[in-house]
Amino acid sequence: MSPTATKSKNPLSPKDRIKVPRQLMPEQPAEARAHNFEEVNLGYSAELAQQEALRCLECAKPTCTDNCPVGIDVKEFVSRIVIGDFLGAAAKIREANVLPAITGRVCPQEDQCEGKCLLSKKVKPLGIGYLERFVADYEQPMGGNVVPSAPPTGNKVAVVGSGPSGLTVAGDLIQKGHKVRVFEALHEIGGVLVYGIPEFRLPKQIVREQIEYMRKMGVEFETDVVVGRTVTIDELLEEEGYDAIYIGTGAGLPQFMNVPGEHLNGVYSANEFLTRINLMKAYKFPVYDEPMLDLKGKSVAVIGGGNTALDAIRCALRLGAGKAYVIYRRSEAEMPARAEEVHHAQQEGIDFQMLTAPVEFLSDGKGWLTSARCVRMELGEPDSSGRRRPVPKAGSEFNLPLSVAIIAIGTSANPIVQSTTPGLGTNKSGYIQASEEKQRTTRKGVFAGGDIVTGAATVILAMGAGRRAATSIHEYLTTDEW
Amino acid sequence: MFKIIHAQFLAPGIKRFVIEAPRIARKQKPGQFVMLRIYEEGERIPVTIENSDPEKGTINIVVQSAGKTTNLLNALETGDSILDVVGPLGKPSEIANYGTAVVVGGGVGTAMAFPTASALKRAGNRVISIVGARNKELVILEKEMRAVSDALLITTDDGSYADKGFVTDKVRQLIENGTRIDLVVAVGPIVMMKAVSELTRKENIHTVVSLNPIMIDGTGMCGGCRVLIDGKSEFACVDGPEFDGHKVNFEVLVQRNAMYRDAERQSMEEFQSLQKADAEESARQGDQR
């Protein structure tokens, strides 16, 4: 049956659907949440979800699905919400996405499904992300729909890294009957979902539940294994009998600006700052042993304009920072961070210093940061990224007093797997070469995807790569063709 | 969980653990380390691998009590387990036949110097080892170091054993005596590594030091272990831990290692007062019985 032949379950005419306003996401008040780590968005109730679902125009050719990196059948899952079949909606999403409670929270929907929603030509787009989150959260206490797996194929697949792309590969392949073992370098499963994204945007309990669900599906996990050091790719293939390997080791080491004073005490990389807080729970010191600098009443700035930058500065605010700045060298329009995060940060009182860049970090003479020497910028001609290049304004230098500065200007490739796997091709920046459609590396039976191939991107793009890789790995395992 | 097969003090406050970790044991090379965490609320700390036995699937680590975590670790006994042990991490030492190699171990750093000395010996080098400690009791691995060295020189700060003085005195003497030295490897306290590097810089002797900055993940993700090498940021966990001693900015290393001194002191004080309360509690219970 073709989708257009399905009779609509929506009682409203398309004209009336447009009249329904987009349902607002209930959220913690900004004044309260700026001082706690609890989730900002509280989630739709069933009533709000059903009301929002009514707005879907049920397009004959749904551009939302075309624009979803994992290809979720949005129209169908939303129509199931309309009739109150929430578990059915969750099952529909799970066909394409093993981590709906996570993507429903962290996807940049405005650039993807919602960005192409037909409604957005006239009114606000359908709240697809909010609806996805609602059904995933609704399903969770019911124990989740455990998708039945195909009969065992006898093939073994090793997944390196338990971040969003690795988990997607594992979830997809276990359903096809392959045996899957995920190796994680850290002591907790989830990669960037546990060390990077803070509790107030993605509660760790949600991640643990999704992992539990995957264990129920039969996925095996082994922590404390740094592939390339503890065991090599070749050993996994030759000695441990894996038939295929997926490398999803994620973003690597933080980049620095190479300006004077970056080594001062008080200057953090965003990765370190966030890892201390999210993975090591330094904000609960001394109950947890990992320490961090006391931010109470201090001036803290993050340098950068991406989601990582906003996550870091919003953590700093919650840890009591007296002043919290975002210093970004372009303007708000060029910020790569999600619009919702920028909006939330503004509500919470973060001070956005746009078109500004630090040129030097200054100290008290004893090795501790006291201020950043900054310069104002203006936008010039477009650069290679298509965005207008920031150019320093002459004579605009000023001093910003700071106790802590967090550098969030991107990452470079982690070299461990590449340097210990002969024949694994890399590009000039050190990222692993993988074909776009099949995610194949230059080594037979070895696939790669996510940030270790593309450089730092988003959770959903990494999951999209994982999806393609899983299809391609299944094809390789069943045909042995390379 | 990683089982402790054997635990034994080598010196007051310095304990050796033989740990069941078959994957790590197979792969460990001189110069590498592990990260470990002993309980759920615990921090991750880098620890020296002294040796490994791939056949038995065990690694030996050597730990010196300093703060809360190392004190808790050194309270563990044979039969206990460690929650997380991950490694072997860092680049292995570059082992080749250089000619004459001087391997300097200061304090607990001797445990990390030992496998390197041993590998350099096997590679055909003439190995002169220098081991230094504060006093006689703290000299560790003397027998092991002697077995892999053509000559072993020992110093104690207070002269309670062997020669009174510092390891740098021995390095200086070797240079002054005209001993041809092709490589110096120094592992131990930062002041020692810095002093050795300054001595050898004048003589243009290639010098390798093993750095111990604060680390969190240890696997090339967080960047907490950045060190300043030749004016550029490098990461001890993936670019090191061994670096050219003549290029290391030791002042920055000292400064960054002091970043959490207040928190470390607080942890240690709370730990000690808890220990004291525990001891009093068990004494009281003893009285009642």
Side-chain angles (χ1 to χ4, degrees), chain A residues 184-188 191-192 195-196 222-226 228-232 235 249-256 258 262-276 279-282 284-294 363 366-368 407 411 413-416 419, chain B residues 2 21 23-24 26-27 32 34-45 67-69 72 83-91 214 216-228 231-233 235 237-239 249 251-256 258-260 262-264 266-267 270-271:
Chain A
E184 169 55 49
L186 294 174
H187 55 263
E188 251 195 83
V192 72
Y195 75 72
E222 186 172 343
T223 52
D224 295 333
V225 177
V226 181
R229 291 269 182 247
T230 316
V231 61
T232 63
E235 286 162 350
T249 46
L253 286 159
Q255 288 181 349
F256 287 91
N258 293 318
E262 259 179 330
H263 57 273
L264 291 172
N265 289 2
V267 182
Y268 282 104
S269 74
N271 278 12
E272 179 187 353
F273 186 79
L274 289 169
T275 300
R276 283 184 183 274
L279 180 71
M280 304 308 297
K281 307 273 181 274
K284 296 184 182 170
F285 180 88
V287 175
Y288 280 73
D289 288 338
E290 194 74 49
M292 63 184 306
L293 295 177
D294 185 1
S363 83
K366 294 176 199 147
W368 289 85
I407 316 287
T411 53
N414 183 322
I416 293 180
S419 65
Chain B
F2 295 78
R23 284 192 190 275
I24 305 173
R26 275 185 56 189
K27 303 292 288 184
Q32 293 185 301
V34 289
M35 296 293 299
L36 54 83
R37 190 176 72 126
I38 47 181
Y39 61 106
E40 200 49 48
E41 293 80 16
E43 59 182 344
R44 295 167 65 97
I45 59 163
K68 178 182 172 183
T69 304
L72 279 169
L83 186 57
D84 296 287
V85 181
V86 61
L89 299 170
K91 281 187 188 165
I214 294 172
I216 304 121
D217 73 302
T219 67
M221 183 274 287
C222 84
C225 65
R226 73 197 141 106
V227 287
L228 207 55
K232 282 202 222 83
S233 279
F235 302 100
C237 72
V238 289
D239 301 322
N249 186 323
E251 287 74 23
V252 164
L253 181 62
V254 169
Q255 164 211 311
R256 286 183 57 83
M259 194 152 159
Y260 297 101
D262 292 346
E264 286 160 2
Q266 185 189 341
S267 270
E270 285 180 19
F271 167 69

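So you know, we letter chains A, B, ... as the sequences are listed, proteins then strands, and number each from 1. None of the values given here were measured: they were computed from a predicted structure.
Per-residue heavy-atom pair counts under 4.5 Å with chain A were compared for B:Ser267, B:Gly87, B:Ser233, B:Cys225, and the maximum is reached by B:Gly87. In terms of heavy-atom pairs under 4.5 angstrom with chain A, the leader among B:Ile24, B:Val34, B:Val85 is B:Val85. Of the listed residues (A:Asp224, A:Val225, A:Asn271), the greatest number of heavy-atom pairs within a distance under 4.5 Å of chain B belongs to A:Asp224. Heavy-atom pairs under 4.5 Å with chain A were tallied for B:Arg226, B:Lys68, B:Arg26, B:Glu43; the largest tally goes to B:Arg226. Note: B:Gly90 leads B:Ala21, B:Ala258, B:Gly90 in heavy-atom pairs under 4.5 Å with chain A.
Contact annotation: the side chain of B:Lys91 approaches that of A:Arg229 to within less than 4.5 Å [non-hydrogen atoms, C-beta and beyond].
Annotation: the span from A:Asp289 atom CG to B:Leu72 atom CG amounts to 7.5 Å, rounded to 0.5 Å. Taking OG1 of A:Thr249 as the start and CE of B:Met221 as the end, the distance is 12.0 Å to the nearest 0.5 Å. The structure places CD1 of A:Ile416 at 7.0 Å from CG of B:Leu89, a figure rounded to the nearest 0.5 Å.
For A:Leu293, the parts lying near chain B are the backbone and the side chain together; criterion is any non-hydrogen pair under 4.5 Å. Neither the backbone nor the side chain of B:Glu264 comes within contact range of chain A; no heavy atoms are under 4.5 Å apart. Only the side chain of B:Phe2 has a heavy atom closer than 4.5 Å to any heavy atom of chain A. Within the 4.5 angstrom heavy-atom criterion, no atom of A:Val192 approaches chain B. Only the side chain of B:Arg37 comes within less than 4.5 Å of a heavy atom in chain A; its backbone stays farther off. Only the backbone of B:Leu83 has a heavy atom closer than 4.5 Å to any heavy atom of chain A. For A:Thr275, the part lying under 4.5 angstrom from a heavy atom of chain B is the side chain only. The part of A:Glu222 that comes within reach of chain B is its side chain, from C-beta onward, which places non-hydrogen atoms under 4.5 angstrom from that chain. B:Arg44 touches chain A through backbone and side chain together, each having a heavy atom under 4.5 Å away. With a 4.5 Å cut-off on non-hydrogen atoms, A:Leu186 touches chain B through its backbone and its side chain both.
Every residue was checked against the salt bridge (charged side-chain N to carboxylate O under 4.0 Å, His left out) condition with B:Arg256, not counting sequence neighbours, and none meets it. In this structure A:Tyr195 satisfies the ring-ring contact (aromatic ring centres under 6.0 Å, His included) test with no other residue, sequence neighbours excluded.
A donor-acceptor pair under 3.5 Å links the side-chain atoms of A:Ser269 to the main chain of B:Cys222, judged by distance alone. The backbone N or O of B:Gly220 sits less than 3.5 Å from a side-chain atom of A:Asn414, completing a donor-acceptor pair. At distances below 3.5 Å, not a single donor-acceptor pair connects side-chain atoms of B:Asp217 with backbone N or O atoms of A:Ala185. Listed for the A:Asn265 side chain is a donor-acceptor partner under 3.5 Å among the backbone atoms of B:Gln255.
A:Tyr288 and B:Glu40 get closest at one heavy-atom pair: CE2-O, 3.9 Å. Residues B:Gly224 and A:Glu272 approach most closely at CA-OE1, 3.2 Å, considering heavy atoms. Listed here is the closest heavy atom pair of A:Glu290 and B:Ile216: OE2-CG1, 4.0 Å. The minimum heavy-atom distance between A:Trp368 and B:Met259, with the atom names listed, is CH2-O, 3.4 Å.
Between A:Glu235 and B:Lys27 there is a salt bridge, since a side-chain N of the basic residue sits under 4.0 Å from a carboxylate O of the acidic one.
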